[in-house]
Amino acid sequence: MSETAAAETRQFDTEVHQLLKLMINALYSNREIFLRELISNASDASDKLRFEALTNEALKGLDQDLVIDVRFDAEAGTLVVSDRGIGMNREEVVANLGTIARSGTRQFLESLTGDQKKDASLIGQFGVGFYSSFIVAERVTVETRRAGDGTEAGVRWLSSGDGEYQIENISLQQHGTTITLQLRDEHKDLLNGWQLERIIRHYSNHIAFPIRLDEAGKDEDSKVVNDSQALWARPKSELEDSDYEEFYSSLTGDPEKPLSWAHHHVEGSQRYSLLLYLPGQAPFDMLINRDEREGVKLYIQRVFIMDAAEQVVPRYLRFMRGVVDSADLPLNVSREILQDSPLLKKIRATVVKRSLDLIEKLAKEGGERWDRFWKAFGSILKEGVIEDFEQRERIASLLRFASTREECEGESVGLDDYLARMGEDGDTIWYLTADSRKVAENSPHLEAFRKRGIEVLLLTDRIDEWLVAHLDEYKGKQLKSVARGKLDLDDDAGEPDEAARELAGRIKQALGEEVGNVQPGTRLTESPGCIVADEQGMTLQMQKMLRQAGQEVPEIKPDLEINAGHPLLQAMAGVSDEKQFGELSRLLFDQALLAEGGELADPAAYVRRVNVLLVEALSAGDDEKGGGDGQHAASS
Ligand code: ADP
Ligand code: MG
């Protein structure tokens with residue numbers, strides 16, 4: 001096939017087309033990020049070459065002197081970014097620069113907010129970086145050659161970003177990639193030395209390869225403008241907060257500052273460096289992609305090996321960001337080897353410990369920074385109680401909950417606060433799980449506790465049911481649901497009397513199979529009845545969650561506790577018509593389910609029953625009134 005025959009025009013994927021349009025508009029005022037994206041790609045390509053050169057003979061020697069060049073020509077209106085990295089062959093060019101292979105793209109498109117700052121940070125996180133060139137360029141040309149092919153077979157890709165691109169084979173002497181942007185007139189002001197230097201230092205200062213900047217037609221030597229040493233490998237004493245913050249931003253693309261960080265050089269039989277960051281906000285996809293963890297990079301002797309978040313951070317710390325650099329792992333390590341490496345297990349244990357240290361410190365400080373952390377990552381951290389048996393108590397001590405204590409706003413009560421208030425002789429940490437704060441606060445289950453001034457933690461996060469299923473004890477005290485089993489609040493309530501027991505028996509008979517047990521109890525002071533889970537059984541809330549998750553849950557009959565002293569129950573005791581008694585029992589039961597945030601099997605029937613009663617009550621009122629008037633009329 002001749003070279004010209006290999007030239008063709010192709011359409012972008014529709015998604016790319018859509019993305020380009022959106023991006024150019026949404027990011028117009030954040031135009032500078034395009035350079036960060038191109039440099040980051042050049043750096044990735046250089047990392048890849050270095051990594052492949054470890055095992056591929058054909059690449060030996062090519063991994064020396066990797067630099068990134070930025071050249072500008074104000075007269076021609078062009079900006080060129082080139083690298084000596086891995087390069088691409090024709091297939092790779094088509095796959096990488098004509099489609100969006102990543103599954104996150106649609107999510108990205110949907111999550112554009114119109115807030116330019118936020119949208120700009122999303123771009124970095126999603127890896128749609130290359131296309132950001134079109135924010136400033138009217139035409140983009142990519143010339144690239146795969147390293148190690150041993151031929152001069154290169155590829156040229158060219159597009160104006162309007163739906164299609166041209167691609168042709170060319171011959172190139174050097175491997176690597178050169179990207180030439182023809183800037184639109186209104187962006188040509190970018191083409192001056194101090195402006196570009198500022199942008200590179202701002203966004204790409206900590207890229208681990210030298211970035212050289214030079215101007216076309218000038219004889220001066222090009223100058224290196226970034227600080228290309230691996231920051232994590234430097235002694236802590238040399239580094240300022242601002243260095244750490246800048247590095248974080250180049251590592252994550254997060255425009256916000258990190259909440260805190262930890263930097264350690266571990267010496268001894270195994271040597272490694274660790275730089276961990278606690279971010280201030282969750283990347284958009286954190287909660288969705290529970291299993292696709294990224295964000296902790298593994299280097300071996302400063303060579304980037306892979307994103308090793310899965311190997312070094314447990315799931316419940318998946319928000320951590322940073323770098324691990326080992327001096328002792330073999331350079332040709334594979335994912336499989338990593339999986340079983342004892343050294344990596346050690347590193348992982350240290351990462352866990354240091355991360356929890358950071359979180360603990362933040363918790364002690366409290367205040368706005370802690371609140372931000374808790375809002376963004378609290379639910380994720382809770383997974384640790386379930387997954388990490390060894391750290392269970394430590395993680396549990398970091399959790400915060402809402403509480404019935406009036407002075408406690410939001411989620412601010414830790415288990416240790418609870419213990420401290422409970423005093424020496426308390427033996428139970430009481431909690432209530434519910435769908436929402438509102439349902440929790442109004443739950444009839446709290447009546448007995450309010451009356452006795454006992455604090456109850458209100459757990460309304462989806463994961464809380466699982467959490468308490470794994471945490472039945474904290475520092476030797478039992479955690480117990482207020483909605484479960486017999487309440488032992490050891491006070492004056494005493495044993496229910498015979499009459500109450502009999503009434504409960506009648507209600508059970510009236511409800512039949514619908515209900516488990518019906519018992520008089522001490523939970524209630526104001527409500528007539530409430531649902532109680534048995535000591536070992538699942539709460540209603542848990543059953544509901546399992547069903548929502550598509551699991552088969554055996555039909556578990558809820559128990560009903562009645563408040564025999566309530567006027568409704570006292571009135572029911574006097575009803576001799578069994579049919580009417582049955583209707584009232586049904587209502588009592590349905591109400592108890594509703595108050596729990598539960599669902600009725602037949603809501604329409606409930607409404608009908610209530611209406612019948614309302615009509616009866618109102619017409620009884622009318623009768624009395626009518627009768628009175630009549631008498632009055634008669635007597636006058
Ligand atoms: P990301 O970098 O997140 O993968 P980009 O849109 O920035 O997304 O780049 C898309 C892909 O294009 C990259 O994954 C890479 O395969 C390829 N690519 C981009 N720039 C270069 C380059 N300078 N050298 C080699 N490959 C590149
Ligand atoms: Mg990129």
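Predicted, not measured: the structure shown is a model, and the values here were computed from it. As a basis for the values below, the full set of heavy atoms in this structure was taken, side chains included, without hydrogen atoms, waters or symmetry mates. Counting starts at 1 for both ligands and their atoms, in listed order.
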Asker: Is it true that E238 and K236 have a side-chain N and a carboxylate O under 4.0 angstrom from each other?
Answerer: no
Asker: Can you list the ligand 1 atoms lying under 4.0 Å from a non-hydrogen atom of L97?
Answerer: 12 (O)
Asker: Between M88, R84, K48, which one has a non-hydrogen atom sitting closest to atom 26 (N) of ligand 1?
Answerer: M88
Asker: Are the side chain of D307 and the backbone of G295 linked by a donor-acceptor contact shorter than 3.5 Å?
Answerer: yes
Asker: For R184, is there an ion pair with E138 - N to carboxylate O distance below 4.0 angstrom?
Answerer: no
Asker: Do W261 and F247 have their ring centres less than 6.0 Å from each other?
Answerer: no
Asker: What do you reckon, does F130 have a nitrogen or oxygen under 3.5 Å from a nitrogen or oxygen of ligand 1?
Answerer: yes
Asker: Salt bridge check: are D214 and K223 linked by an N-O gap of less than 4.0 Å?
Answerer: no
Asker: Considering distance alone, does some N or O of Y131 sit under 3.5 Å from an N or O of ligand 1?
Answerer: no
Asker: Do K346 and D328 pass the salt bridge (Lys or Arg N to Asp or Glu O under 4.0 Å) test, and can you show the C-alpha distance, the side-chain angles, and the key distance before you say yes or no?
Answerer: CA-CA 12 Å; K346 271 221 163 114; D328 297 319; over 6 Å; no
Asker: Closer than 2.8 Å to the Mg ion (ligand 2), do we get an N, O or S atom from S40, backbone or side chain?
Answerer: no
Asker: N/O to N/O below 3.5 Å, does that happen between E37 and ligand 1?
Answerer: no
Asker: Taking non-hydrogen atoms only, is L38 closer than 4.0 angstrom to ligand 1 via side chain, backbone, both or neither?
Answerer: neither
